[in-house]
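Values below: every heavy atom of this structure, side chains too, minus hydrogens, waters and symmetry copies. Computed from a prediction, not measured in an experiment: that's the story for all the values here. Along the sequence shown, residues are numbered consecutively beginning with 1.
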Amino acid sequence: MTSTGNGGEMMGAAKKKGQGLAALPWTVRFQVFALSAACDLSQRRDGTVNRFLFSLVDRQIRASPRPDARGVRSADVVVDAARGLWARVFSPSAEQAGTAPLPVVVYFHGGGFSLLSAASRPLDAMCRRFCHELGAVIISVNYRLAPEHRYPAAYDDGEDVLCYLGATGLPADVAVPVDLSRCFLTGDSAGGNIAHHVAHRWTTSPPSSTPVRLAGIILLQPYFGGEERTEAELRLEGVAPIVNMRRSDWSWRAFLPEGADRNHMAAHVTGEAGPEPELPEAFPPAMVVVGGLDSLQDWQRRYAAMLQRKGKEVQLVELPDAIHSFYIFPELPDAGKLDKDFRAFIETNTSDH
């Protein structure tokens with residue numbers, strides 16, 4: 001397992017209450033406060049979501065065929081109208097892309113399995129940035145949300161998008177060539193969890209005839225857990241922004257099957273409270289991004305260690321000053337570093353293709 005960053009620095013991060021948030025630009029602090037407040041007010045005690053209230057903060061943006069300042073355009077694709085499954089495709093202009101086929105990155109958004117969408121303004125902006133910086137076509141999956149659609153609905157949706165991509169390809173108005181044998185899965189937070197499980201399913205039982213080959217997975221602060229309270233969860237409770245134990249526990253209850261605890265195989269994949277997953281030989285190389293101000297960091301490192309025990313290629317990227325969801329804030333230096341590491345990972349895992 002390769003590792004970048006200084007893991008030792010993480011152990012000393014956020015010793016004082018509020019330290020992580022105070023170090024952020026005021027614009028980021030305001031957005032973090034608004035998002036956290038909206039989550040708390042929208043997550044009802046009965047396990048449902050007040051979607052109207054959350055919509056007041058979750059600003060949506062339409063797809064646009066007109067190139068933005070970076071030359072990136074977007075289009076929505078309906079995968080299954082009956083269940084409301086669709087995806088937003090971000091592509092560079094033909095002039096920028098050139099003639100060589102581009103890799104495809106299938107992205108699953110975060111939000112505790114229950115909030116946000118592919119049309120949420122910050123996520124749309126991030127995918128546009130990824131499209132430009134990575135030199136890839138980005139497909140942002142609008143999977144069904146919990147608690148209306150519990151496990152395994154999000155995993156089913158992710159796998160079905162890959163099937164659709166292999167059978168149908170990209171819409172005609174995506175005027176750039178792509179190489180579906182250079183397909184990467186990525187996701188942030190809960191989306192990272194989804195990306196792992198979709199990759200596991202796809203490589204365990206791939207369709208008999210499909211051009212889609214998984215070349216790698218990139219998990220941005222993936223959302224794994226268990227009944228155990230880790231050292232980081234206890235140390236950063238009330239300190240680190242966005243994720244805390246109450247919000248996290250609520251999200252697991254909303255997503256997991258009725259009556260399941262956090263040691264369910266969807267949440268707990270690292271073997272401490274049950275068997276580790278059996279990963280097939282075709283399970284792709286992984287990049288796991290860990291933030292020093294993210295209470296989920298212990299679970300993320302355990303996940304990377306599990307992959308290593310299974311003989312899988314894994315790159316662990318340690319960002320000591322990164323809060324949870326840092327990647328949606330382009331003004332943060334770590335967001336720029338992520339873009340470079342992300343691109344290098346894609347290039348490394350397609351160089352011998």
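Side-chain contact between Arg70 and Arg129 is present, with at least one heavy-atom pair separated by less than 4.5 Å. Within the 4.5 Å cutoff, side-chain heavy atoms of Trp202 are placed close to those of Thr210. A 4.5 Å side-chain heavy-atom check between Phe54 and Leu116 finds at least one atom pair inside the cut-off. Using a 4.5 Å heavy-atom cutoff, the side chains of Val89 and Val137 are in contact. For the pair Pro122/Leu35, no side-chain contact is recorded, criterion being any heavy-atom separation below 4.5 Å from C-beta on. Trp299 places a side-chain heavy atom less than 4.5 Å from the side chain of His268. You'll find the side chain of Met306 stays beyond 4.5 Å of the side chain of Arg301, heavy atoms only. Taking the side chain as every heavy atom from C-beta outward, Val49 and Pro147 approach each other to under 4.5 Å.
Partners of Ser114 by side-chain hydrogen bond (donor to acceptor under 3.5 Å, both in side chains), not counting sequence neighbours: none found. Residues satisfying the ring pair (Phe, Tyr, Trp, His ring centres under 6.0 Å) test with Phe184, not counting sequence neighbours, are none. Legend: residues meeting ring pair (Phe, Tyr, Trp, His ring centres under 6.0 Å) with Tyr155, ordered by chain and number and at least two apart, are Tyr151, His197, Phe255. Residues satisfying the ring pair (Phe, Tyr, Trp, His ring centres under 6.0 Å) criterion with His324, sequence neighbours excluded, are absent altogether. Applying the side-chain hydrogen bond (donor to acceptor under 3.5 Å, both in side chains) criterion to Asp40, with sequence neighbours excluded, gives Arg246, Arg247. Checked against ring pair (Phe, Tyr, Trp, His ring centres under 6.0 Å), His149 has no partners two or more places apart in sequence or in another chain. Take Thr230 and apply the side-chain hydrogen bond (donor to acceptor under 3.5 Å, both in side chains) test, not counting sequence neighbours, and it matches Glu233, Asp298. In this structure Arg73 satisfies the side-chain hydrogen bond (donor to acceptor under 3.5 Å, both in side chains) test with no other residue, sequence neighbours excluded.
The two residues Gly135 and Arg343 make their nearest non-hydrogen contact at N-NH1, 3.7 Å. Contact between Ser91 and Val176 at its shortest, heavy atoms only, is CB-CG2, 4.2 Å. Residues Ala63 and Arg88 approach most closely at N-NH2, 3.2 Å, considering heavy atoms. Closest heavy-atom contact between Arg150 and Ala254: NH1-O, 3.2 Å. The nearest pair of heavy atoms linking Ala190 to Phe113 is CB-N, 3.5 Å. Annotation for Gly187 and Ala195: closest pair N-CB, 4.2 Å, computed over non-hydrogen atoms.
Cluster partners of Leu41, using a side-chain heavy-atom cutoff of under 4.5 Å among ILVMFWY residues and allowing indirect links, are Leu53. Membership of the apolar cluster around Met245 extends to Leu234, as traced through chained side-chain contacts below 4.5 Å between ILVMFWY residues.
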Test side-chain contact (heavy atoms from CB on, under 4.5 Å) on Asp249 and Arg262; report intermediate values, then the result.
CA-CA 8 Å; Asp249 290 355; Arg262 296 188 303 275; 3.5 Å; yes
Could you give me the CA-CA distance, side-chain angles and deciding distance for Glu133 and Arg128, then say whether salt bridge (charged side-chain N to carboxylate O under 4.0 Å, His left out) is met?
CA-CA 9 Å; Glu133 296 295 333; Arg128 289 177 178 276; over 6 Å; no
Output, in order, the C-alpha distance, side-chain angles, deciding distance and verdict of side-chain hydrogen bond (donor to acceptor under 3.5 Å, both in side chains) for Gln300 and Asp294.
CA-CA 10 Å; Gln300 295 154 5; Asp294 180 8; 3.1 Å; yes
Criterion salt bridge (charged side-chain N to carboxylate O under 4.0 Å, His left out) on Arg302 and Glu228, from CA distance to verdict:
CA-CA 13 Å; Arg302 290 182 187 184; Glu228 174 193 353; 2.8 Å; yes
Could you go step by step and tell me if Gln43 and Ser251 meet the side-chain contact (heavy atoms from CB on, under 4.5 Å) rule?
CA-CA 9 Å; Gln43 294 176 336; Ser251 296; 3.8 Å; yes
The test is side-chain contact (heavy atoms from CB on, under 4.5 Å); show your working for Ile323 and Leu24 and say whether it passes.
CA-CA 9 Å; Ile323 64 168; Leu24 299 172; 3.8 Å; yes
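When atom types are taken as modelled, the side chain of Thr48 and the backbone of Arg44 share no donor-acceptor pair closer than 3.5 angstrom. A donor-acceptor distance shorter than 3.5 angstrom exists from the side chain of Gln31 to the backbone of Thr27, with no hydrogens or angles considered. A donor-acceptor pair under 3.5 Å is absent between the side-chain atoms of Asp124 and the main chain of Ser120, judged by distance alone. Put simply, the side chain of Ser64 gets close to the backbone of Arg66: a donor and an acceptor are under 3.5 Å apart. Under the 3.5 Å distance criterion, the side-chain polar atoms of Asp157 are matched with a main-chain donor or acceptor of Arg144. Proximity of a side-chain donor or acceptor of Asn193 to a complementary backbone N or O of Ala266 within less than 3.5 Å is detected. Thr186 places a side-chain N or O within 3.5 Å of a backbone atom of Ile218 that can act as its donor or acceptor partner. For the pair Lys310 (side chain) and Glu281 (backbone), a donor-acceptor distance under 3.5 Å is absent. Between the side chain of Asn142 and the main chain of Ala87, no donor-acceptor pair closer than 3.5 Å is present.
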Identify all side-chain donor-acceptor contacts of residues 159-172 below 3.5 Å with residues at least two apart in sequence or on another chain.
from   : atom 1 : to     : atom 2 : distance (Å)
Glu159 : OE1    : Arg201 : NH1    : 3.1
Asp160 : OD2    : Arg83  : NH1    : 3.0
Asp160 : OD2    : Arg83  : NH2    : 2.4
Thr168 : OG1    : Tyr164 : O      : 3.4

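Ile138 and Trp86 are members of different hydrophobic clusters when ILVMFWY side chains are connected at heavy-atom separations under 4.5 Å. By the criterion of side-chain heavy atoms lying less than 4.5 angstrom apart, applied directly or through intervening Ile, Leu, Val, Met, Phe, Trp or Tyr residues, Phe30 is not grouped with Leu332; the two fall into different hydrophobic clusters. The hydrophobic cluster containing Phe90 also contains Leu180, counting ILVMFWY residues as joined when their side-chain heavy atoms lie under 4.5 angstrom apart, directly or transitively. Hydrophobic clustering (ILVMFWY, side-chain heavy atoms < 4.5 Å, transitive): Phe130 and Val178 are in one cluster.
In this structure, Glu276 places its CD atom where more than 12 heavy-atom neighbours from other residues, nucleotides or ligands lie under 6.0 Å away. By the 6.0 Å contact criterion, NZ on Lys340 is open, its count of non-hydrogen atoms from other residues, nucleotides or ligands being 12 or less. Residue-environment remark: CD (Glu331) exceeds the threshold of 12 foreign heavy atoms within 6.0 Å.
When each of Val141, Leu123, Leu185 is paired with Tyr107, the side chain to side chain contact (heavy atoms under 4.5 Å, CB included) condition holds for Leu123 and for no other.
Using the six-membered ring where Trp is involved, Tyr303 and His196 have ring planes that are perpendicular, over 60° apart on the 30 and 60° scheme. Under the 30°/60° scheme for interplanar angles, the aromatic rings of His109 and Tyr143 are found to lie parallel.
Sorted by first and then second residue, the side chain to side chain donor-acceptor pair (under 3.5 Å) pairs involving residues 217-226 (not counting sequence neighbours) are Tyr223-Ser248, Tyr223-Trp252.
There is a side-chain donor-acceptor pair under 3.5 Å between Ser117 and Gln60.
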